[in-house]
Amino acid sequence: MASSRNSLQRFAGNFSVDSSNKIVYSIVAINVAVFATWQYAEANAQRFRDGRLYHFMFRNFTDSVQNLREGRVWTLVTSAFSHKEWYHIILNTMVLMSFGDPVWRMLGTRRFLAVYLGSAVASSLSSIGYYSYVGPYLRKAQNKPESNTIHYSMGASGSIMGITTAFACVYPWSQYSLFFVINMPAAALIGK
């Protein structure tokens, strides 16, 4: 009983509000605001058949080959603040709140933002590269017809992976719980 209480207290401690670290909370606030905008845009499009805001969100808050071809390079970053599903934003927020503060304390604001935003750009480019080159190559190798689907991606997972990797590189043996059940070293969580 005492060990489960300690585990719960340790987990809850990851979410304690520390006014010295405004950057992590600012990122969470931006993610929540963009998420709320997606929800409003989708409801507006379905209920009132007004898709203008939804179209704006797709053009400015998702990464895709089409967005890059049309000159919207900012989507390499803005897509990392974009979530459409509840489970996606909740999971990313929980991981950011767990790892963000210690990484911010270790790196400082500028380096933290460099890792976070650099990881956003790298993951966006990786996603675009996969759907533009690797995916079509694999479809062709498997004798499957070409897909005419426009692929897009969004979410902070790439940025979060950058933060968790930075943490695991400095504290590889620090214990974390996978799905709040299986304790393992931070390095194992990221596959180092």
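Note: hydrogens, waters and symmetry copies are ignored here, and every other heavy atom, side chains too, is used. Just so you know, these numbers come straight off a predicted model, no measurement behind them.
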K.L.:
Considering only heavy atoms from C-beta outward, does the side chain of Ser157 approach that of His88 to under 4.5 Å?
P.N.:
yes

K.L.:
Heavy-atom distance under 4.5 Å between the side chains of Tyr130 and His151, does that happen here?
P.N.:
no

K.L.:
For the pair Asp50 (side chain) and Arg52 (backbone), establish whether a donor and an acceptor sit closer than 3.5 Å, ignoring hydrogens and angles.
P.N.:
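Pair found, side chain donor or acceptor close to backbone of Arg52.
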
K.L.:
Determine whether Phe61 and Trp74 make a side-chain contact, defined as any pair of heavy atoms from C-beta on separated by less than 4.5 Å.
P.N.:
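Phe61 vs Trp74: side chains apart.
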
K.L.:
How far apart are the closest heavy atoms of Ser82 and Val34, and which atoms are they?
P.N.:
CA-CG1, 3.8 Å

K.L.:
Quick check: do Thr164 and Ile160 have side-chain heavy atoms less than 4.5 Å from each other?
P.N.:
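A side-chain contact under 4.5 Å exists here.
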
K.L.:
What pair of heavy atoms forms the shortest contact from Ser159 to Ser123, and how long is it?
P.N.:
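In this case the closest contact between Ser159 and Ser123 is N-OG, 4.5 Å.
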
K.L.:
What heavy-atom pair brings Phe81 and Ile30 nearest, and what distance separates the two atoms?
P.N.:
CD2-CG2, 3.5 Å

K.L.:
Just jot down the side-chain contact (heavy atoms from CB on, under 4.5 Å) partners of Ser64, sequence neighbours excluded, or say none.
P.N.:
Gln66, Asn67, Tyr152

K.L.:
Over all heavy atoms of both residues, which pair between Gly162 and Val115 is shortest? Give the atoms and the distance, please.
P.N.:
O-CG1, 3.7 Å

K.L.:
Taking the side chain as every heavy atom from C-beta outward, state whether Tyr25 and Met97 have any atom pair closer than 4.5 Å.
P.N.:
yes

K.L.:
Hey, which of Val24, Val77, Leu96 is the one that makes side-chain contact (heavy atoms from CB on, under 4.5 Å) with Tyr116?
P.N.:
Leu96

K.L.:
Could you report the tightest heavy-atom contact between Ala80 and Asn31, atom names first, then the distance?
P.N.:
O-OD1, 3.8 Å

K.L.:
Looking only at atom types and distance, does a side-chain atom of His83 sit under 3.5 Å from a main-chain N or O of Ala156, one as donor and one as acceptor?
P.N.:
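Yes, because the side chain of His83 sits within donor-acceptor range (under 3.5 Å) of the backbone of Ala156.
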
K.L.:
Quick check: are there more than 12 heavy atoms from other residues, nucleotides or ligands sitting under 6.0 Å from OH of Tyr131?
P.N.:
no

K.L.:
Count the heavy atoms belonging to other residues, nucleotides or ligands that lie under 6.0 Å from OH of Tyr54, then report whether that count exceeds 12.
P.N.:
yes

K.L.:
Side chains of Thr75 and Asp63: do they bring a donor and an acceptor to under 3.5 Å?
P.N.:
no

K.L.:
Quick check: is Trp86 connected to Met57 through a chain of hydrophobic side chains (ILVMFWY, heavy atoms under 4.5 Å apart)?
P.N.:
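Yes, Met57 and Trp86 fall within the same hydrophobic cluster.
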
K.L.:
Quick one: are Phe35 and Lys84 in side-chain contact, heavy atoms under 4.5 Å?
P.N.:
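Contact flag for Phe35/Lys84 side chains = no.
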
K.L.:
Are the side chains of Ser174 and Phe167 in touch, meaning some heavy atoms are under 4.5 Å apart?
P.N.:
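Yes. Closest side-chain heavy atoms under 4.5 Å.
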
K.L.:
To the closest 0.5 Å, what do you measure between CD1 (Ile89) and CG (Asn92)?
P.N.:
8.0 Å

K.L.:
Rounded to the nearest 0.5 Å, how far does CE of Met161 lie from CZ of Phe99?
P.N.:
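Spacing of CZ (Phe99) from CE (Met161) equals 10.0 Å.
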
K.L.:
May I ask you to check whether Thr62 and Ser79 show a side-chain donor-acceptor distance below 3.5 Å?
P.N.:
no

K.L.:
Look up atom CE in Met154 and atom OG1 in Thr78, then write down how far apart they are to the nearest 0.5 Å.
P.N.:
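Result: 10.0 Å between the selected atoms.
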
K.L.:
Just by distance, do the side chain of Asn60 and the backbone of Phe56 share a donor-acceptor pair under 3.5 Å?
P.N.:
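Confirmed, Asn60 side chain pairs with Phe56 backbone.
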
K.L.:
Taking Val103 as the starting point, is it possible to reach Trp173 by hopping between hydrophobic residues whose side chains are less than 4.5 Å apart?
P.N.:
no

K.L.:
Distance from Met106 atom CE to Ile163 atom CD1, nearest 0.5 Å?
P.N.:
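Reported to 0.5 Å precision, the distance equals 8.0 Å.
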
K.L.:
How close do Leu107 and Phe112 get, heavy atom to heavy atom, and via which atoms?
P.N.:
CB-N, 3.9 Å

